[in-house]
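Accompanying notes for the structure given below.
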Protein chains: 2
Amino acid sequence: MAASGSPTWLDGGEATAWRRFIAVVELLPGILDAQLRRDAGLTHFDYIVLTTLSEATDHTLRMSRLARETNATLPRLSHVASRLEKRGLVERVASDDDRRATDITLTETGWAKVVATAPGHVDTVRANVIDLLDPEDIADLDRLMAKILVRLDPDHRMAGRG
Amino acid sequence: MAASGSPTWLDGGEATAWRRFIAVVELLPGILDAQLRRDAGLTHFDYIVLTTLSEATDHTLRMSRLARETNATLPRLSHVASRLEKRGLVERVASDDDRRATDITLTETGWAKVVATAPGHVDTVRANVIDLLDPEDIADLDRLMAKILVRLDPDHRMAGRG
DNA sequence: GATGAATTGTTGTCGCGGCAAGCGAAGCTA
DNA sequence: TAGCTTCGCTTGCCGCGACAACAATTCATC
């Protein structure tokens, strides 16, 4: 490291932008977690898992695929799945075609949970981010995050649809 | 909630931008933590604490003030300070003018740690964010994050300098 | 097909952060 | 100065996530 063509420190404009960016990155997860935990007893990651399943065909995905799409390690997803399964929100069954694999499915209860939880979450997202930005800002945000994801997520694991 | 003037869900452009934004918000902290932990045995938050102290006069701040500037709760900062103190990177002394208060100071060792750690961290920041964006992008990023921080950090606690 | 390597998940341990409770100091009221 | 409240910080407990070790299956190569 420390041998790139770029200067070793950030200039004024870069430093300010970085500080603000980091502040948002540190603060936002807490906001999302707090609302979901308070209103639904879910982590933000729990919510992402449930909604990702809700968008899959048959409300089912292979564990490894779900891990990739939610940007989680397999151990993390396994732990989360255990908790959600205990609460009856998902079910896991060994796959037929590959007996190493496990398919995880959203239960009816889990689907109802998603439906009940989504509006409040969306309100939080709007109140803290989306509604603070005008359409041009949204386009800029999309463009910037896409550029950064080229590095952070080179395989487009989180591409999903859209 | 659920009674704002905005629609209850996100339209296509908003949804895509939000997904990408959330992906970055989830992935970036791990990148920063991993590099700092590997190369310096520090959390990103540890690093923020140390650098914030390094920019303060006399390398000293009151705990409550440091907590505000680093966006931490007091318990969190207290835990972190204990660990850093055990490693000899900071010192805590009871304040004179208010004997409830504690002043935390960067030691010589701590200062050396910051100096040794900063270049690698900056390289990581550049490689994963800054150098992927052109000057206009940086300006856009700054503008967008400032807008969001109006909500997330209304008191401008993290304003610092700049 | 037999053996070694790679893939898929689970489990165990540990560290960090949130929250609530606690403690001492300072301020406030009379 | 007595008593109550507020402030500043610390501590303890618990949950989540990372990492490593492990078990089970499948694939690859010969």
Side-chain angles (χ1 to χ4, degrees), chain A residues 25-38 40-50 60-87 90-105 157, chain B residues 25-38 40-50 60-87 90-105 157:
Chain A
V25 166
E26 295 284 326
L27 290 170
L28 191 54
I31 303 273
L32 302 177
D33 275 329
Q35 182 268 322
L36 284 168
R37 182 178 290 276
R38 172 168 48 83
L42 293 175
T43 302
H44 183 224
F45 182 68
D46 292 340
Y47 178 79
I48 290 177
V49 166
L50 296 180
T60 301
L61 283 175
R62 187 147 302 188
M63 286 287 284
S64 52
R65 182 165 157 74
L66 180 57
R68 281 203 315 275
E69 293 199 4
T70 59
N71 247 313
T73 60
L74 215 31
R76 177 183 185 185
L77 178 60
S78 184
H79 281 139
V80 169
S82 297
R83 295 168 205 146
L84 295 178
E85 195 169 31
K86 280 179 188 163
R87 297 168 62 180
V90 302
E91 278 177 359
R92 280 180 291 185
V93 297
S95 173
D96 286 338
D97 53 316
D98 186 340
R99 295 178 54 193
R100 296 171 299 181
T102 304
D103 289 329
I104 178 169
T105 306
R157 312 189 310 178
Chain B
V25 166
E26 296 283 327
L27 291 172
L28 191 53
I31 303 274
L32 301 177
D33 275 330
Q35 181 269 324
L36 285 168
R37 182 178 291 275
R38 171 168 49 84
L42 293 175
T43 302
H44 184 224
F45 182 68
D46 291 339
Y47 179 79
I48 290 177
V49 166
L50 295 180
T60 301
L61 284 174
R62 187 147 303 187
M63 285 288 284
S64 51
R65 183 165 157 75
L66 180 56
R68 281 205 314 276
E69 294 199 3
T70 58
N71 249 313
T73 59
L74 216 31
R76 178 183 185 184
L77 178 60
S78 184
H79 281 140
V80 170
S82 297
R83 295 166 205 149
L84 295 178
E85 195 169 33
K86 280 178 187 164
R87 297 169 61 181
V90 303
E91 279 178 358
R92 281 181 291 185
V93 296
S95 173
D96 285 338
D97 53 317
D98 186 339
R99 296 178 56 192
R100 296 172 298 182
T102 304
D103 289 330
I104 178 170
T105 306
R157 311 189 311 179

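In what follows, chains are A, B, ... by sequence order, proteins preceding strands, each numbered from 1.
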Kindly write out the residues that satisfy side-chain hydrogen bond (donor to acceptor under 3.5 Å, both in side chains) with B:Arg65, not counting sequence neighbours, or none if the list is empty. B:Glu69
Holding to side-chain hydrogen bond (donor to acceptor under 3.5 Å, both in side chains), I want the full list of residues that pass it with B:Asp33, two or more places apart in sequence or in another chain. none
Can you list everything that forms a side chain to side chain contact (heavy atoms under 4.5 Å, CB included) with A:Glu91? Sequence neighbours excluded, please. A:Thr107
Tell me every residue that passes side chain to side chain contact (heavy atoms under 4.5 Å, CB included) with B:Thr60, counting only those two or more places apart in sequence or in another chain. B:Asp58, B:Asp103, B:Thr105
List the residues meeting side chain to side chain contact (heavy atoms under 4.5 Å, CB included) with B:Asp96, not counting sequence neighbours, and say none if there are none. none
In the 5'-to-3' direction, what one-character label does each nucleotide of nucleotides 10-22 of chain D receive under the scheme B = base within less than 4.0 Å of a protein heavy atom, S = sugar-phosphate only, - = no such atom? BBB---SSBBB--
Which whole-number value in Å describes the distance from A:Asp96 CG to D:dT25 P? 14 Å
State which residues pass side-chain hydrogen bond (donor to acceptor under 3.5 Å, both in side chains) with A:Thr73; sequence neighbours excluded, sorted by chain then number. none
Mind checking side chain to side chain contact (heavy atoms under 4.5 Å, CB included) for A:Arg37 and listing every partner two or more places apart, or none if nothing turns up? A:Thr43
Outermost contacting nts on DNA chain C, any atom under 4.0 Å from chain A heavy atoms, listed 5' then 3', are C:dT7 to C:dG12
Which atom pair, heavy atoms only, marks the closest approach of B:Leu74 to B:Ser64? CD1-CA, 4.1 Å
Taking CZ from B:Arg100 and C1' from D:dT5, how many angstroms apart are they, rounded to a whole number? 11 Å
